[in-house]
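Below, chain A is the first sequence line, B the second, and so on; all start at residue 1.
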There are 2 protein chains.
Amino acid sequence: MKVKHYVDVPGCPVEVTLDLIDGRWKGVVLFHLLDAGCLRFNALHRRLPGITQRLLTKQLRELEEAGLVSRTVYAEVPPRVEYRVTEEGESLRSIFDALARWGEMRLARHRAAKPKPAGC
Amino acid sequence: MKVKHYVDVPGCPVEVTLDLIDGRWKGVVLFHLLDAGCLRFNALHRRLPGITQRLLTKQLRELEEAGLVSRTVYAEVPPRVEYRVTEEGESLRSIFDALARWGEMRLARHRAAKPKPAGC
DNA sequence: GTATTAAGTTCCCGAAAGGGAACCGTAATG
DNA sequence: CATTACGGTTCCCTTTCGGGAACTTAATAC
């Protein structure tokens, strides 16, 4: 989600899709939301070892802006914010399944001099 | 293809796959190689308006290192170098098809205040 | 002897992404 | 009064990505 420099090079449909899930984290965030259905900020954070709050916020905002994730704030204290995939985000599920299957095959294929494939 | 910082966070299979095709160009390069079967450097270059030689070289080397693309050099002058997808790269075809289909659906859905979806 | 060609490489730069650490506001809890 | 909890924000820094332009190499054609 960037529309970066290619304002004049709108790009093929493949680019359109990849743009939405590229970067270090967006794919994984979506994967977890698809998996869990609905997650609060810290619950998601716990599933993503290594990401900082700053980045997680950023990714979620971008996914929200792209229309793939919805953000619901409950006026409580302490705050409660729930994230879930939108209908359009849900439509990515089969793609993520395909990506995951392919990744598993690749890990299996290259199971030599590779670290262990830890949980997601 | 980076193995970046996550030497100790091997990542889920989704990450494995996305890592191989992320960035501004890798996806498109693979797309064209899958489309054409075999392309010489400059032929590929012509299909990618905007990329510089430097970057195209870089992307191809990374794809080659990842085992998705093969590079055949013919000892001629002027040089001839042919790129084609490997068997493993070929196995990504269905994923690219899925990405393209989803991207088209998205473009169709968001056909408002959007530039025209030009050819890839 | 000059130009051309294919497939790069080198250098150098600016922009963007990624990341660490501290800080914030409110309410309940001890 | 201090602490905890949640969901962030701010500041600042480093790394990576993307890109422009010039240079290279060796054979062949003019």
Write down the distance between [atom1] ([X]) and [atom2] ([N]), rounded to a whole number of angstrom.
| X | N | atom1 | atom2 | answer |
| --- | --- | --- | --- | --- |
| B:Arg24 | D:dG19 | CZ | C1' | 11 Å |
| A:Asp22 | D:dC17 | CG | P | 12 Å |
| B:Leu56 | D:dC17 | CG | P | 16 Å |
| A:Gln59 | D:dG7 | CD | C1' | 16 Å |
| A:Glu62 | C:dG18 | CD | C1' | 12 Å |
| A:Leu55 | C:dA16 | CG | P | 17 Å |
| B:Asp19 | C:dA17 | CG | P | 16 Å |
| B:Lys58 | D:dT16 | NZ | P | 10 Å |

Mind checking the [atom1]-[atom2] spacing from [X] to [Y]? Nearest 0.5 Å is all I need.
| X | Y | atom1 | atom2 | result |
| --- | --- | --- | --- | --- |
| B:Leu44 | B:Leu56 | CG | CG | 5.0 Å |
| B:Arg40 | B:Thr72 | CZ | OG1 | 12.0 Å |
| B:Cys38 | B:Tyr83 | SG | OH | 11.0 Å |
| B:Leu33 | B:Leu63 | CG | CG | 8.0 Å |

Any side-chain N or O of [X] below 4.0 angstrom from OP1/OP2 of [N]?
| X | N | result |
| --- | --- | --- |
| A:Trp25 | C:dG19 | yes |
| B:Arg71 | C:dA7 | no |
| A:Arg80 | D:dG8 | no |

(request) With a 4.0 Å heavy-atom cut-off, tell me which residues in residues 36-43 of chain B come close to DNA chain C, sorted by residue number. (result)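 By residue number: B:Arg40, B:Phe41, B:Asn42.
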Salt bridge present between B:Glu65 and B:Arg61 (N-O < 4.0 angstrom):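 No salt bridge links B:Glu65 with B:Arg61.
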* Salt bridge flag under 4.0 Å for residues B:Arg93 and B:Glu90 ->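 Salt bridge: yes.
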Going by heavy atoms in the side chains, are B:Phe31 and A:Leu18 under 4.5 Å from each other?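 They are not in contact (no side-chain heavy atoms under 4.5 Å apart), so the answer is no.
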Kindly confirm or rule out a cation-pi arrangement of B:Arg47 over B:Trp25, judged by NZ or CZ under 6.0 Å from the six-membered ring centre and within 45° of its axis?
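No, cation not above the ring by the 6.0 Å, 45° rule.
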Donor-acceptor under 3.5 Å (A:Thr17 side chain, B:Gly103 main chain)
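The answer is yes, because a donor-acceptor pair under 3.5 Å joins these two groups.
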Nearest nucleotide by nearest heavy atom, which residue falls closer to the 5' end of DNA chain C, B:Glu82 or A:Thr52?
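Result: B:Glu82.
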Review point. Between the side-chain atoms of A:Arg54 and the base atoms of C:dG19, is any donor-acceptor pair under 3.5 Å?
Key: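 Flag set: donor-acceptor pair detected.
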Got a list of protein N/O to nucleotides 22-28 of chain D N/O distances below 3.5 Å?
none

Next on the checklist: Under 4.0 Å, counting only non-hydrogen atoms across every strand here, what does B:Tyr83 touch: a base, just sugar-phosphate, or nothing?
Outcome noted: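 Sugar-phosphate contact only.
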